[in-house]
Amino acid sequence: MQHIHLLGTDPLELARQLTIMDFKLYSSLCPIECLGKAWSKNLSENAVNVKQFISYCNQLTSWVACSILCDKEAKKHVIVVKHWSQAANRCLEMNNYNTCMAILSGFDNSAIRRLRKTRDLVSSRTEQSINHIRKLMGSNRNFTEYREMVHSVNPPCIPFLGIYLQDLTFIKDGNPDL
């Protein structure tokens, strides 16, 4: 991911390529890897594909944040924020909710949140776009809006895996083994 010139890549093409990568990882997941919180155990053979998927999401989130922070000028930050916002919207259009959430998480990085000058310079259109995605992907009422959207979407779709891993964790922790 580090050898790509971000701003030289059209947001649609960026979204397409990220979706291809995401789909490859998503399609490699095995149901057995999601049982018993196997992804949270330290054994290397447990839930390898889930761990790779999580690592990919974390790397993408870091890439978003680092690409915004790599320049010192607020005006340049704004250009990168807009670019990522457009890519996130394209991911949303392609039903790639996992990458969409990773990009949103990059925006929510504490270092990005502290960029007051950058926030002030972001256009209202870009801000509205980000807020729209935040609303759709928001954790309000246990991600109700997101869950409804995923259930009504026309396939194919790459869901945000974190929500399902969270659900499985609550099921495992809330119900004792017999």
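This chain uses plain numbering: 1 for the first residue, then up along the sequence.
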Non-hydrogen side-chain atoms of V80 and D71 separated by less than 4.5 Å
no

Taking all non-hydrogen atoms of both residues, which atom of I112 and which atom of A65 are closest, and how far apart?
CD1-O, 3.6 Å

Scanning both residues in full, the closest heavy-atom pair of S67 with C70 reads O-SG, 3.4 Å

Give the cluster check for L18 versus L7: same hydrophobic cluster or not, with ILVMFWY residues linked at side-chain heavy-atom distances below 4.5 Å.
yes

With heavy-atom distances below 4.5 Å as the criterion, would you say the side chains of I133 and C100 are in contact?
yes

From R134 CZ over to M101 CE, what is the distance, rounded to the nearest 0.5 angstrom?
10.5 Å

Given side chain to side chain contact (heavy atoms under 4.5 Å, CB included), test H151 with E148 step by step and report yes or no.
CA-CA 5 Å; H151 288 295; E148 289 171 359; 5.9 Å; no

Just verifying a value: how many Å separate I68 CD1 and W84 CH2, rounded to the nearest 0.5 Å?
8.5 Å

Indicate yes or no: at least one non-hydrogen side-chain atom of Q166 is less than 4.5 angstrom from one of N142.
yes

Under 30°, 30 to 60°, or over 60°: which ring-plane class applies to F143 and F160, parallel, tilted or perpendicular?
tilted

Going through the checks in order, is the side chain to side chain contact (heavy atoms under 4.5 Å, CB included) test met by V64 and N109?
CA-CA 9 Å; V64 171; N109 178 291; over 6 Å; no

Nearest heavy atoms of C34 and V50, plus distance in Å:
SG-CG2, 4.3 Å

Side chain proximity check, K82 to V122, heavy atoms < 4.5 angstrom:
no

Using modelled atom types only, decide if a donor and an acceptor are shared between the side chain of S55 and the backbone of K51 within a distance under 3.5 Å.
no

Under 4.5 Å between side-chain heavy atoms, hopping through other hydrophobics if needed: is there a path connecting Y97 to I130?
yes

Backbone N/O of G8 and side chain of H83: donor-acceptor pair under 3.5 Å
no

Any side-chain heavy atom of N95 within less than 4.5 Å of one from T19?
no

If every non-hydrogen atom of C57 is compared with every non-hydrogen atom of A102, which pair is closest and at what distance?
O-CB, 4.0 Å

Would you compute the distance between atom CG of L6 and atom CG of L14 and round it to the nearest 0.5 angstrom?
6.0 Å

Give the intermediate values and the outcome of side chain to side chain contact (heavy atoms under 4.5 Å, CB included) for residues N96 and F23.
CA-CA 9 Å; N96 180 354; F23 178 74; over 6 Å; no

Considering all heavy atoms of both residues, which atom of V150 and which atom of C157 are nearest to each other, and what is their separation?
CG1-SG, 4.4 Å

Would you say OH of Y26 has more than 12 non-hydrogen atoms from neighbouring residues, nucleotides or ligands within 6.0 angstrom?
no

Shared hydrophobic cluster, I79 / L12 (ILVMFWY, side-chain heavy atoms < 4.5 Å)
no

Shortest non-hydrogen separation from K117 to A74 and the atoms involved
CB-CB, 4.0 Å

Check the pair S85 / S129 against side-chain hydrogen bond (donor to acceptor under 3.5 Å, both in side chains), numbers first and verdict last.
CA-CA 7 Å; S85 170; S129 174; 3.3 Å; yes

Around atom OH of Y164, are there more than 12 heavy atoms of other residues, nucleotides or ligands at under 6.0 Å?
yes

For E33 and C30, indicate whether the former's side chain and the latter's backbone hold a donor-acceptor pair under 3.5 Å.
yes

Answer yes or no: is there a donor N or O on one side and an acceptor on the other, between the side chain of T118 and the main chain of V78, under 3.5 Å?
no

Beyond-backbone contact of S28 with K24, side-chain heavy atoms, under 4.5 angstrom
no

Is there a side-chain contact between E127 and R119 in this structure, where contact means two heavy atoms from C-beta onward sitting under 4.5 Å apart?
no

One should read off an interatomic distance between R125 CZ and Q86 CD, to the nearest 0.5 angstrom, of 8.0 Å

So L69 and L115, do their side chains get closer than 4.5 Å, heavy atoms only?
yes

Only one of L60, D22, I163, L25 passes side-chain contact (heavy atoms from CB on, under 4.5 Å) with N98; say which it is.
D22

State plainly whether one hydrophobic cluster holds both I103 and M94, where clusters connect Ile, Leu, Val, Met, Phe, Trp and Tyr through side-chain heavy atoms under 4.5 angstrom apart.
no

The test is side chain to side chain contact (heavy atoms under 4.5 Å, CB included); show your working for T99 and Y56 and say whether it passes.
CA-CA 10 Å; T99 296; Y56 164 78; 3.9 Å; yes

